[in-house]
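A note on names: the letters A, B, ... follow the listed sequences, proteins ahead of strands, and every chain is numbered from 1.
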Protein chains: 2
Amino acid sequence: MDHDLPDFDLSRFLPYRLSVAGDRLSAGLARRYRAEFGISVAEWRVLVHVTDAGEVSIRDLERRVNLEKSKASRAATRLAQAGYIRKAPNPADRRLLCLSLSEKGRELMSRLLPIASAYQARLEEIIGDRMSELEAALEIMATSELD
Amino acid sequence: MDHDLPDFDLSRFLPYRLSVAGDRLSAGLARRYRAEFGISVAEWRVLVHVTDAGEVSIRDLERRVNLEKSKASRAATRLAQAGYIRKAPNPADRRLLCLSLSEKGRELMSRLLPIASAYQARLEEIIGDRMSELEAALEIMATSELD
DNA sequence: TTGACATCGTTGCAATCGCAACGAAACTTG
DNA sequence: CAAGTTTCGTTGCGATTGCAACGATGTCAA
């Protein structure tokens, strides 16, 4: 061989570590939500945002909960079909959708939210006093210019 | 409505935050690797592990770099087809593959690795002294029992 | 007002995904 | 050694993905 390659440790590479940890954190909850309620991660995000924002468009979902618009659209369609949300045109701007939580959706969320909160609490407990630094780092990574 | 739902802030929910930050961190590098070298994230992981482990099986990839085996298999097939790795049966156990870096692969890595290292350095710079706590938290999340 | 342009949500499509099933090879047990 | 079991990598398949294209609607300037 003509020359050695530089050392590189994948296990310390941040994009990799975040991906592994993120997949792992999502997997537990996702499995449970899927098994018990038939809800995917995308659908969960739609539900959460509709729950606390009230009336929501596809564009809102794209911007606020990081869902690519076709993904948001399909998740919303499934949720509407399952009766968890209502889907109406926004009368003030008929390009926009107006998604809102149905009564059935409210019932669902009253079961989903405590599970998520408990999961979060468990994570915070495990992470302990590193939490504030972790949050700061996540905030930076989610917002800094990277290129 | 018969009762209020508990408050829940998705923007503070760790599985969500990790997913957003992870996607974002991967996206920059992935775009560049794809555009300049035609390499996907899965292929990049295979290359890294083959580069520093030498001879590698699909099972190794699954366990060491978190690639589901069919994904690892297809990534390895593409890399072999492109001439970046060799793919031979392991003579000591013919169920196993023996993947190794080709000369062409070595050349590729001599260009890929510095880019990744620079990216990591940039991230460490941005994150500053929160880095050690971040690493500790990631380690915990990647290994703790969650259920 | 009209025509050019921008925005929004949906959908077609090819690529990718993950899971299960499978054949081949290697162990295990009797 | 034979039969049953486990491990490994591949592949078939239905589901999901992201992107681009599109129709519908809204905005803006001439």
Throw together a table of side-chain donor-acceptor distances under 3.5 angstrom for residues 19-30 of chain B, partners on residues two or more places apart or in other chains.
from	atom 1	to	atom 2	distance (Å)
B/S19	OG	A/R45	NH2	3.0
B/R24	NH1	A/M141	O	2.9
B/R24	NH1	A/S144	O	2.9
B/R24	NH2	A/S144	O	2.9
B/S26	OG	B/G22	O	3.2

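Under the 4.5 Å side-chain criterion, counting only non-hydrogen atoms from C-beta, A/V65 is not in contact with A/V48. Taking 4.5 Å as the limit, every side-chain heavy atom of A/E36 sits out of range of all side-chain heavy atoms of A/R111.
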Point to revise | side chain to side chain contact (heavy atoms under 4.5 Å, CB included) evaluation trace for A/Q120 with A/E124 | key: CA-CA 6 Å; A/Q120 173 80 6; A/E124 289 178 2; 2.9 Å; yes
Practice item. Starting from the C-alpha separation in whole Å, work towards a yes-or-no answer on side-chain hydrogen bond (donor to acceptor under 3.5 Å, both in side chains) for A/T77 and A/K87. Key: CA-CA 8 Å; A/T77 298; A/K87 203 172 160 184; 2.9 Å; yes
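Of the charged side-chain nitrogens involved, none lies within less than 4.0 Å of a carboxylate oxygen, so that A/K71 and A/E62 do not count as a salt-bridged pair.
The interatomic distance linking A/L96 (CG) with C/dA6 (P) rounds to 18 Å, in whole Å. In this structure, B/L67 places its CG atom 15 Å from P of C/dT16, rounding to the nearest Å. Atom NZ of B/K71 and atom P of D/dT16 are 16 Å apart (whole Å).
Put simply, OG on B/S57 and CG on B/N90 are 8.0 Å apart, with the number rounded to the nearest 0.5 Å. One finds the OG atom of B/S102 at 8.5 Å from the CD atom of B/E107 (value rounded to the nearest 0.5 Å).
Residues that satisfy the ring pair (Phe, Tyr, Trp, His ring centres under 6.0 Å) test with B/F37, not counting sequence neighbours, are absent from this structure.
With ring centers used as reference points, B/W44 lies under 6.0 Å from A/F8.
The stretch residues 80-95 of chain B touches DNA chain D through B/K87, B/R95, each having a heavy atom under 4.0 angstrom from the strand. Residues from residues 55-65 of chain A that place a heavy atom under 4.0 Å from any atom of DNA chain C, listed by number: A/S57, A/I58, A/R59, A/R63. A heavy atom closer than 4.0 Å to some atom of DNA chain C occurs in no member of residues 32-45 of chain A.
Note: the hydrophobic cluster containing B/L67 does not contain B/L96 (ILVMFWY, side chain heavy atoms under 4.5 Å, direct or indirect links).
B/R86 places a side-chain N or O within 3.5 Å of a backbone atom of B/L101 that can act as its donor or acceptor partner.
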Protein N or O to nucleotides 19-21 of chain C N or O, pairs below 3.5 Å:
from	atom 1	to	atom 2	distance (Å)
C/dC19	N4	B/S70	OG	3.4

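With A/E43 as reference, A/R78 is the one residue of A/R74, A/R34, A/R78 to meet the salt bridge (Lys or Arg N to Asp or Glu O under 4.0 Å) rule.
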